[in-house]
Amino acid sequence: MINIFCEDYDFTALGAAFEGEVESDCPLSAEIIIVDEEYIRTLNREQRNIDSVTDVLSFPSLDNIRGKKLLKSEHPADLDEEGGIFLGSIAICQKRAKEQAEEYGHSVEREINYLAAHGLCHLLGYDHMTDGDKLEMREKEEKILKKINLERA
C-alpha cells in the first residue's frame with residue numbers, strides 16, 4: 001500500500017491497489033497535487049526544459065528502486081513524518097485530465113486515477129523509454145486500475 005496525500009482527491013483505493021506491487025519493510029507514501037495548465041507548464045519548463053503543458057509530471061525521491069525491496073534502513077533521509085519511505089511527488093494537470101477523459105471516452109475519475117497510477121509507477125522506477133519498458137509499465141498501470149474497477153472499457 002502507498003499512502004497518498006492529496007488535498008483535492010481521495011486516492012486511498014489507488015494506494016491500496018499497489019499492495020503486493022512493491023515490497024517494503026515499512027509504509028510508503030507519495031504526494032499528489034492537482035494543478036492548472038500554467039503551473040504544470042512552469043514545472044515542465046523548469047525541471048525538464050520543455051516549455052509546454054503536459055498531463056502529469058513525477059518527481060521521484062529515490063533512484064534505481066524498480067523491482068527492489070525498499071528497506072527503511074537504506075533510506076533514512078527519505079522518511080516522512082510517520083516514519084515511512086517517501087517515494088516522491090506527482091503533479092497532475094486537471095484541465096488536461098478532463099480533456100483526455102473526453103477524448104478517450106471514459107470518466108474524469110478514471111483519467112485522474114490513471115495519471116496518478118502512471119506517476120506512481122514512475123516513482124517506483126518504471127519508465128517508458130523503450131517498447132519493452134512501455135509495455136511493462138502499461139500492464140502495471142492497467143493491473144492497478146483493474147483492482148479498483150477503473151480499467152479501460
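Below, all heavy atoms of this structure are taken into account, side chains as well, without hydrogens, waters or symmetry copies.
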* To do: Using salt bridge (Lys or Arg N to Asp or Glu O under 4.0 Å) as the criterion, list what pairs up with Asp133, not counting sequence neighbours.
  =>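 If we apply the salt bridge (Lys or Arg N to Asp or Glu O under 4.0 Å) test to Asp133, skipping adjacent residues, the hits are Arg66.
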* Asked: Listed by chain and number, what are the salt bridge (Lys or Arg N to Asp or Glu O under 4.0 Å) partners of Arg45, not counting sequence neighbours?
  -> Asp51
* To do: Can you tell me which residue pairs pass the salt bridge (Lys or Arg N to Asp or Glu O under 4.0 Å) test with a partner in residues 30-40, sequence neighbours excluded?
  =>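 Every salt bridge (Lys or Arg N to Asp or Glu O under 4.0 Å) pair that includes a residue of residues 30-40, provided the two are not neighbours, is Glu37-Lys95.
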Applying side-chain contact (heavy atoms from CB on, under 4.5 Å), name anything that partners [X], two or more places apart in sequence or on another chain.
| X | value |
| --- | --- |
| Lys134 | His128, Arg138 |
| Val22 | Leu28, Leu70, Leu124 |
| Lys72 | Asp25, Cys26, Leu79 |

Side-chain heavy atoms under 4.5 Å apart, restricted to Ile/Leu/Val/Met/Phe/Trp/Tyr: what other residues fall into the cluster of [X], or is it alone?
| X | value |
| --- | --- |
| Tyr104 | none |
| Phe5 | none |
| Val53 | Ile33, Val35, Tyr39, Ile40, Leu43, Leu57, Phe59 |

* Ignoring hydrogens and angles, state whether a donor on the side chain of Ser61 or Asp78 is under 3.5 Å from an acceptor on the partner side chain. => no
* Residue list, side-chain hydrogen bond (donor to acceptor under 3.5 Å, both in side chains) with Ser73, at least two apart or on another chain -> none
* Asked: Of all residues at least two apart in sequence or in a different chain, which pass the side-chain hydrogen bond (donor to acceptor under 3.5 Å, both in side chains) check with Glu21?
  ->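 Glu21 satisfies side-chain hydrogen bond (donor to acceptor under 3.5 Å, both in side chains) with Lys140, Lys143, Lys147 only.
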* ring-ring contact (aromatic ring centres under 6.0 Å, His included) against His75, all qualifying residues, sequence neighbours excluded ->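 In terms of ring-ring contact (aromatic ring centres under 6.0 Å, His included), with neighbours along the sequence ignored, His75 is linked to no residue.
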